[in-house]
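All remarks here apply to the structure that follows.
In what follows, chains are A, B, ... by sequence order, proteins preceding strands, each numbered from 1.
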Protein chains: 6
Amino acid sequence: MTQPKPAAISRFSLPHLEDVPADVRERIVAVQEKAGFVPNVFLVLARRPDEFRAFFAYHDALMLKEGGLSKGEREMIVVATSAANDCHYCIVAHGALVRVYEKNPLLADQLSSNWRRADVTPRQRAMLEFAVKVAVRSAEIEDADFARLREQGFSDEDTWDIASIAAFFGMSNRIANATAMRPNDEFYLMGRVPRPRPA
Amino acid sequence: MTQPKPAAISRFSLPHLEDVPADVRERIVAVQEKAGFVPNVFLVLARRPDEFRAFFAYHDALMLKEGGLSKGEREMIVVATSAANDCHYCIVAHGALVRVYEKNPLLADQLSSNWRRADVTPRQRAMLEFAVKVAVRSAEIEDADFARLREQGFSDEDTWDIASIAAFFGMSNRIANATAMRPNDEFYLMGRVPRPRPA
Amino acid sequence: MTQPKPAAISRFSLPHLEDVPADVRERIVAVQEKAGFVPNVFLVLARRPDEFRAFFAYHDALMLKEGGLSKGEREMIVVATSAANDCHYCIVAHGALVRVYEKNPLLADQLSSNWRRADVTPRQRAMLEFAVKVAVRSAEIEDADFARLREQGFSDEDTWDIASIAAFFGMSNRIANATAMRPNDEFYLMGRVPRPRPA
Amino acid sequence: MTQPKPAAISRFSLPHLEDVPADVRERIVAVQEKAGFVPNVFLVLARRPDEFRAFFAYHDALMLKEGGLSKGEREMIVVATSAANDCHYCIVAHGALVRVYEKNPLLADQLSSNWRRADVTPRQRAMLEFAVKVAVRSAEIEDADFARLREQGFSDEDTWDIASIAAFFGMSNRIANATAMRPNDEFYLMGRVPRPRPA
Amino acid sequence: MTQPKPAAISRFSLPHLEDVPADVRERIVAVQEKAGFVPNVFLVLARRPDEFRAFFAYHDALMLKEGGLSKGEREMIVVATSAANDCHYCIVAHGALVRVYEKNPLLADQLSSNWRRADVTPRQRAMLEFAVKVAVRSAEIEDADFARLREQGFSDEDTWDIASIAAFFGMSNRIANATAMRPNDEFYLMGRVPRPRPA
Amino acid sequence: MTQPKPAAISRFSLPHLEDVPADVRERIVAVQEKAGFVPNVFLVLARRPDEFRAFFAYHDALMLKEGGLSKGEREMIVVATSAANDCHYCIVAHGALVRVYEKNPLLADQLSSNWRRADVTPRQRAMLEFAVKVAVRSAEIEDADFARLREQGFSDEDTWDIASIAAFFGMSNRIANATAMRPNDEFYLMGRVPRPRPA
C-alpha cells in the first residue's frame, strides 16, 4: 500500500522569513513564542505583507475585543460557520481555540459536525443560528432575525460582532480553501487533554 | 452565565437493560468488555430488539469482512459520508475508529471537514468521491463512476462494498439525526494520543 | 429508429440460485409463491447472503409489525421518501404496494410526483412531512418536528417507526440507485385495475 | 379513520361552460369527443379565455408539429422535465400520452422517477439531458450542450423544439402547481393495459 | 489585449424579415415605431411564426390587461423572477420597463440584485415573495401562501395574475437562456435619465 | 397607493462624523472630494474605526495594486461574485466601477445577471469562472482549477489575486447583506452616459 504523502501547507510557495518585512516577521515570532509554533495561516499570508497586516488587524478587532460575547463564543461562531463552508483549516485551528477558551474538550466537534447538537445555551444557539444564516444565506437576513437576537439579550454591538465574525471568516474560509491551507498538526490535540495540576 | 446541560443520549427513552432480550444484552456486554464502555448506539437501538439485531448484522457484514478494502478504509467511507449528512454521532464515533485503525490521529478530522483535503492515496480519493456521490446524489450514479473505480483497481466486490457502506450509514445517519443520538465522551479522544510503548 | 434494449436487472451480475444458501433460496421461493414473481431486489441482494438476511430482517421489523401506522401508511412513507431520493425501483415497487394496501389506484402516483398533492388526511400529511424531512434534511430535525407529530396523535413508537422507515429506505434507495436496480414489469400495473368480483 | 376527501380540480373556481366564449367551448367539446373526457387543464384555464387560446396555440405549435422529434419523444421531454419540477398534473397527464404514443406501458414511470434509468436510445438520452438542463439550470446552458445534441444527429430545428418544449412546460408546471391542478382519474390507467385485438 | 466581440443576438439564425408572415412583420414594425427599435425577442421568435403569435398573445393577455396590479407591478414581478432564473435578457429588457412605468430609476436594479432590498410597499413585497416562490419552488405552494396574499388585499384574479406572470416568464427566461438571447443596447439606459421638461 | 419610503442606509445607526477618529474622517473627506459623494460603505463601517481601517487597507491591497489583472478586471470579479451572493450594495456600487474602468456601459449588467453571457475574452471568462467557484463552492477548488487558469496565461500572483478578491468580497457581501447597506443613488447612473468631449 502506498502511504500517502501529507499535503503541503499551501498551494502557493511560502516566503522565506528573511525576505518578509520586519513588522510581519515580528508578529510571526510573537505568535510562535506564545503558542509554541507558528500557525500556518501566518506563513501563507506572509507572502503578501499588506494583506497579512489587514487580515490580522481585522481579526484582532473582531476576536480580541471586549464586549457582550466571550472569546469562546466568538470562536464558536468561527467553527460553526467554517463547518458550513467546509473549511478544513479553520475548523481544526479554531476548534482548538473553542476547546481552550471554553475549557470543554467536546464542544468544537459538536459545532463542526452539527451546531444544532452542541451543548450550548439557548442564547448561544440563537447566536449560532444567526451566524450560520449570515454565512450561507445572507441575502435573506431580515428584521425578524435581528428581533430574535434582541429577545435573547444581544445588543446592537453584539449583533454587529456576530455578523462581522461570520463575514470575516467567510473570507478566511475561502482563502484557506483556495490555497488548500493545511492546519498545523498541533491544533488537533490542543485542549483535548486536561493539563495536570502542578503539585 | 447559565452553563448548558449536556444533551440526553437520545430523544427517545432508553430501555432498562434487564428488560432487553438476552442476546441483545450479551452483545452489549461484549462490546463493553472490549471497548471499556457501551457506545450509545447500542443503548438507543436496544429499544427495538429486532431492529437492533438487523442493524448490527448488516453492520458486521459490511464492516468486519475481509476484502479489497481495509477496515480503516471502510471507516474512512463512514466518516466522509456522515459528514456529508451532518451526522454528529457517526462523525465522532467512527472518526475514533479511523484514527485507531489507520494509526493516524489527523485523518478523521480531515475527512469530516473536507474529504478532498485528506492525506489519502489517489485510490482512496476515488473511493471517497464515489461514496459521497452515493450518499448525496445517488440517482446520478452512472457507468462512468464505476469505470473510474475500476481504473483505480477496485473489483466489483469492492465497489459493492463502497456503495453499501455509504448506503448503510445513510440509514444510520438518519436514525442518529432523528433520535439526536449523542456520541459517548470517550470517542472524542480515542486514537489521538499515541499509547506509550511498554518498557 | 433503434429500439432501446431494456436495462439489465442490476449493474452487478446475479447469483445462480443453486449457489445461494438454502435459507435465502427458501425466502425467494416463498415470495415467488405469494406474489407470483420474484421482486428483483431479492435477486440483486442474494449475491450477498448476510446482507440479504439483515436487509429483510430489518425490512420486516419495520414494515410488517403491528402499531399505530397501517401497512398502507408505512408504504406511503416509502413512496414519498423514495421520490425525494429519485429511486426508480422503490417508487415503482412500493407504489404497487400502496395501491394494493390502500385499495386506491391513484395514491401512489400522487405521492411520487408531489406528496403535498396527495389525497391524505391531515394526520398522514404530518407523517409524510416528517418522513421527507428525515430523508432529505435529517440534521435539521428538531423538537418542534416531534411536537407536531404528537399534536396529530402519533405516539413515540409511531414516530420512531416513521423515522426508521424513512432511514431504512434511505439505505435501500441508495443501494437501488447505485446498482441501477430494475423494477419488475409486474409492479407497474399492480393494484391499478379493480379485480372483478367473483360471481 | 377519516377517509380523506379528494382534492378539488383547482384552487380557483371553474367557469360555467355556458359563460365561456364559443371558440373555447368548442375546443373543450372537441377534446371531450376525442378523449372521452375533458382534461382538467382545459377547465382550469377556461377561466381566462385569452390565456386559454394562447396556451393551446403554443402547445399545438410545439407538440403537434412534424419534425425530427416524434410525438412520443416530445411527450417524453414533458414527463422528464415535469418530474424535475415536481408537477403532479403534468406527470400524470403526459405520462399517459407517453404510454399511448410509445406503446410502452413502462416508459412514463421510468421517466418520472429517474430519467437516467429509462429504456431509451442514446439519442433520446441526450435529448432528455438537455431538456432537464433547460428546465433546472437554463442559465448554465452553453455551446457544448448544443454540440452534444448535434453529435447525436439533432438539427437546429430539433434543438429549438427540445428547448421550447422544456420551457413551455416550465410554464405549464408552475401554473399547475400554483393552482393545485388535479389530473383526471382517467389518465392514471391510460396506456397501461394492452387493448384486446378485435376478433 | 484582445477586445471581446459582442455576442450575437441569438444562438439560432434570425429569419429574413421578408420571409416572415405579414402579421408577424406588422407587429415587428409596430413595436419599432413605438419603441424606436425592435427588441430582440421579436426577431428571435419570428423564426417560428406560430410560437411568436402565441407568445405575444399570452404576454399581452397577462401584461397589458386592467386589474388589481398596475403595469409597473407586473413588470416588477418579471424582474424579480427573471433574476431568480438568472435570465440576462429579461432582467435588462424588463428592468427598463420597471423604470419607465414606475418612473423610478433605481427600482429595477434593486429588484434584480435582491428583491428583499427593494423600495416597495408591504403589499408589493408579499406579491414578490409569492411570485419568486412560484418561480423557484412552485411544488411547495400551499394554501397559506394564498392566505398571505388575501391579507394584503389581493383578489383571486390578482393572485392568478401574479402566478401566471411568474410562470409565463419562467418559460420566457428558459427560451432566452437557451437561445442566449441578447438584450438590445437601448434597454440599459432607458428610464434612468429624467427627460428634460419642455421649456 | 402608499408610496414606499426608501430604506435607510443601514440597519445600524451611523456615527456622527465629529465623533469619528481623525484618520477615518480624513479618508471619508478624501473619497468625497474625489467621487463627489461619500459611498455609504464608508459611513456604515465608520461606526467601527478599527474594522474600517482594516477593511479599506485590505481593499486597497487587492484592488489598487499593479499586476496581471487590470483595475476593470478586478471590479468584474467583484460584480460577478457579488451577484452570486445576491449583494445589492456591491452589485450597484462596483457595477459603476466596472462601467467607468472598462468604459463599457453594458458590461456590469451583463455580469450581474449572468456572467456567462458577458462580452468578455476567453481569459476573462476563465477568471470569472474561477472567482465564482471560490465564492460559492470554495471547498471543491482543486488542482485542475489552477491548471485551467495557467492555460489562460495567469501567473500564480494573478490567481492569488482572483481568489482573494472573491474571498474579500465574500466578506463584504455578507456585511452589506446583514446591515442592509443601501447603495448611494449616484452609483446607478455612473458610467452609463458617455461624457461629452470638451470643445
Side-chain angles (χ1 to χ4, degrees), chain B residues 10-13 44-45 47-62 64-65 81-82 84-88 130-131 133-143 145-146 156-157 159-180, chain C residues 10-13 44-45 47-62 64-65 81-82 84-88 130-131 133-143 145-146 156-157 159-180:
Chain B
S10 163
R11 279 195 178 104
F12 292 85
S13 63
V44 173
L45 289 179
R47 179 190 178 91
R48 293 278 180 104
D50 286 344
E51 298 166 33
F52 178 104
R53 292 178 192 111
F55 183 94
F56 289 107
Y58 215 137
H59 172 277
D60 294 355
L62 290 170
L64 307 183
K65 75 193 291 264
T81 57
S82 298
N85 288 325
D86 295 330
C87 179
H88 175 47
F130 181 79
K133 187 167 181 182
V134 172
V136 298
R137 298 185 292 134
S138 69
E140 299 175 31
I141 292 278
E142 54 191 340
D143 293 346
D145 297 306
F146 281 76
D156 274 10
E157 297 306 310
T159 302
W160 177 286
D161 282 354
I162 300 171
S164 291
I165 293 169
F168 177 80
F169 282 91
M171 171 175 68
S172 181
N173 292 169
R174 281 163 180 77
I175 295 174
N177 280 340
T179 58
Chain C
S10 163
R11 278 196 177 103
F12 292 86
S13 63
V44 174
L45 289 179
R47 180 191 175 91
R48 292 280 181 103
D50 285 345
E51 297 166 33
F52 179 104
R53 292 178 192 110
F55 183 93
F56 289 107
Y58 215 137
H59 172 276
D60 295 354
L62 290 170
L64 306 183
K65 74 192 292 266
T81 57
S82 297
N85 288 325
D86 295 329
C87 178
H88 175 48
F130 181 79
K133 187 166 180 183
V134 171
V136 299
R137 298 185 292 135
S138 68
E140 298 176 30
I141 293 277
E142 53 190 339
D143 293 347
D145 297 306
F146 281 75
D156 274 11
E157 296 307 309
T159 302
W160 177 288
D161 282 353
I162 301 170
S164 291
I165 293 169
F168 177 80
F169 282 91
M171 170 175 70
S172 181
N173 292 168
R174 281 164 179 77
I175 294 173
N177 279 340
T179 59

Quick check on the interface: out of [options], who has the most heavy-atom pairs with chain C under 4.5 Å?
{"options": "B/Ser138, B/Pro49, B/Ala180", "value": "B/Ser138"}
{"options": "B/Asp143, B/Val136, B/Thr159, B/Thr179", "value": "B/Asp143"}
{"options": "B/Ser164, B/Ala135, B/Ala166", "value": "B/Ala135"}
{"options": "B/Phe169, B/Phe55, B/Phe56, B/Phe130", "value": "B/Phe55"}
{"options": "B/Val134, B/Asn85, B/Asp145", "value": "B/Val134"}

Against chain C, label [X] side chain, backbone, both or neither, depending on which of its atoms sit under 4.5 Å from a heavy atom there.
{"X": "B/Ser13", "answer": "neither"}
{"X": "B/Arg48", "answer": "side chain"}
{"X": "B/Asp156", "answer": "both"}

Report summary line: Heavy-atom closest pair (B/Ala178 atom, C/Phe146 atom, distance to 0.1 Å) is O-CZ, 3.2 Å
Report summary line: Heavy atoms of C/Trp160 and B/Val44 approach each other most closely as CH2-O, 3.5 Å
Given heavy-atom pairs under 4.5 angstrom as the criterion, report whether the side chain, backbone, both or neither of [X] touches chain B.
{"X": "C/Ser172", "result": "neither"}
{"X": "C/Phe12", "result": "side chain"}
{"X": "C/Lys65", "result": "side chain"}
{"X": "C/Asp60", "result": "neither"}
{"X": "C/Arg137", "result": "neither"}

**Report entry** Donor-acceptor contact present, side-chain C/Arg174 to main-chain B/Ala163, <3.5 Å
**Finding:** no
Query - Salt bridge present between B/Glu157 and C/Arg47 (N-O < 4.0 angstrom) - result: yes
Query raised in the report: Roughly how far, to the nearest 0.5 Å, is CG of C/Asp161 from CD of B/Glu51?
Result: 7.0 Å
Query raised in the report: Taking the side chain as C-beta and beyond, is there a heavy-atom pair between B/Arg11 and C/Ile141 under 4.5 Å?
Result: yes
Query raised in the report: Taking every heavy-atom pair that is under 4.5 Å apart, which of C/His88, C/Glu142, C/Glu140 has the most such pairs with chain B?
Result: C/Glu142
